[in-house]
Amino acid sequence: MGKRILIVDDEESIVTLLKYNIEQSGFETEAVYDGEQALNMAEQKYFDLIILDLMLPKLDGMEVCRQLRHKGIEVPILMLTAKDEELDRVLGLEIGADDYLTKPFSPREVVARIKAILRRFKKQDDEDKSEEIVIKELVIYPDQYETYMNGQLLEFTPKEFELLLYLARHFGKVLSRDQLLSAVWNYDFVGDTRIVDVHISHLREKIEPDTKKPVYIKTIRGLGYKLEGPK
């Protein structure tokens, strides 16, 4: 059975265009036309990826994405928008979208993005079948999406966990903000990497004994960040 894609857009012409081209590429599709339908469908059925328009009736795409992530539904989300505004991109990715495409777009580009996201998630799933990672009092279980500090389970958003896991897998190595943005979000903001700093700040609040004097996630001025253990 092919990969299943849920298309969520209130413009029938766009849905028709997407369904045809995505199905021609070997995927199965279903479509809904408002945010409430999208939420219900994603909770009831399994999908490999959701194409989610930002501007929707009843619930907008941001709220759909936020609620899905809050419910623990980790399906990859490709967000569509007619707006080409930086703030929308940052907010969309910060609440859990995996990629972002601005209208108008070519069907070929949509299919290419879908394939890239699914490849990335397959690679991540393969990597996540590894042993736990132990860094002093910090223990990460990739296959369970769980992290413990001093034996206490920590709560992370999916992107926070992926960022911490990427840092841990490159223990002791300085990683630039652009590297982290590309690896964790698979997106290029042309030098605007504030979303990385926001997530680093959130991680520090959860794992550092003192956020003003971090001992795990170090800032390397002018270069980026690196994960290391307390001395």
Side-chain angles (χ1 to χ4, degrees), residues 65-77 89-100 116-189 191-231:
C65 184
R66 185 181 290 110
Q67 289 196 34
L68 288 175
R69 296 309 188 226
H70 182 71
K71 294 171 187 287
I73 298 173
E74 306 299 343
V75 56
I77 293 174
R89 288 186 288 171
V90 172
L91 283 176
L93 293 174
E94 188 169 334
I95 63 173
D98 297 278
D99 204 351
Y100 203 99
I117 294 170
L118 292 177
R119 277 197 305 271
R120 191 168 87 251
F121 268 73
K122 182 180 185 305
K123 180 182 177 184
Q124 179 179 303
D125 286 343
D126 291 342
E127 289 176 346
D128 287 351
K129 293 169 183 171
S130 59
E131 298 290 328
E132 69 268 19
I133 299 171
V134 181
I135 304 167
K136 296 292 184 178
E137 303 304 320
L138 181 68
V139 183
I140 304 169
Y141 295 94
D143 57 339
Q144 299 172 29
Y145 256 62
E146 290 182 352
T147 303
Y148 292 82
M149 175 63 75
N150 294 315
Q152 296 294 313
L153 178 64
L154 304 178
E155 294 293 332
F156 291 121
T157 66
K159 286 301 177 192
E160 287 170 0
F161 183 87
E162 290 171 27
L163 177 57
L164 179 62
L165 184 59
Y166 189 81
L167 287 165
R169 285 194 166 129
H170 297 81
F171 180 81
K173 181 179 179 181
V174 179
L175 300 168
S176 72
R177 291 170 175 83
D178 287 328
Q179 282 178 284
L180 293 170
L181 189 61
S182 176
V184 177
W185 284 269
N186 194 36
Y187 207 88
D188 179 12
F189 276 122
D192 187 345
T193 53
R194 287 174 295 174
I195 192 171
V196 175
D197 296 331
V198 169
H199 280 69
I200 290 288
S201 177
H202 291 169
L203 286 179
R204 282 175 168 161
E205 289 172 4
K206 296 174 181 180
I207 71 171
E208 297 287 0
D210 181 354
T211 55
K212 294 180 180 178
K213 298 178 181 178
V215 293
Y216 283 96
I217 302 176
K218 295 292 186 71
T219 300
I220 310 302
R221 192 173 298 279
L223 295 175
Y225 299 103
K226 73 173 177 178
L227 182 69
E228 60 182 29
K231 303 301 181 186

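Just so we're clear, the structure is a prediction, and the values are computed from it rather than from any experiment.
Side-chain atoms of Pro76 and Arg120, non-hydrogen and from C-beta on, never get closer than 4.5 Å to each other. Within the 4.5 Å cutoff, the side chain of Phe156 has no heavy atoms near those of the Tyr145 side chain. Using a 4.5 Å heavy-atom threshold, the side chains of Glu132 and Tyr148 count as separate. Using a 4.5 Å heavy-atom cutoff, the side chains of Lys206 and Glu160 are in contact. Looking at heavy atoms from C-beta onward, Asp197 lies in side-chain contact with Tyr225 at the 4.5 angstrom threshold. In this structure, Lys173 and Lys226 have side chains that are not in contact, with every pair of non-hydrogen atoms separated by 4.5 Å or more. No side-chain heavy atom of Pro214 sits under 4.5 Å from any side-chain heavy atom of Thr219.
The heavy-atom pair separating Cys65 from Gly96 by the smallest distance is SG-C, 3.8 Å. Of all heavy-atom pairs spanning Leu227 and Ala168, the tightest one is CD2-CA, 3.4 Å. Glu74 approaches Pro158 most closely through the heavy-atom pair OE1-CG, 2.8 Å.
Qualifying salt bridge (charged side-chain N to carboxylate O under 4.0 Å, His left out) partners for Arg69, counting only residues two or more places apart in sequence or in other chains: Asp98.
In terms of modelled atom types and a separation under 3.5 Å, the side chain of Glu208 and the main chain of Ile217 share a donor-acceptor contact.
Atom CD of Gln152 has 12 or fewer heavy atoms from other residues, nucleotides or ligands within 6.0 Å.
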In sequence, state the C-alpha distance, the side-chain angles, and the governing distance for Ile200 and Leu167, and then conclude on side chain to side chain contact (heavy atoms under 4.5 Å, CB included). CA-CA 10 Å; Ile200 290 288; Leu167 287 165; 4.0 Å; yes
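None of Leu165, Leu164, Val139 except one satisfies the side chain to side chain contact (heavy atoms under 4.5 Å, CB included) rule with Ile133; the exception is Leu165.
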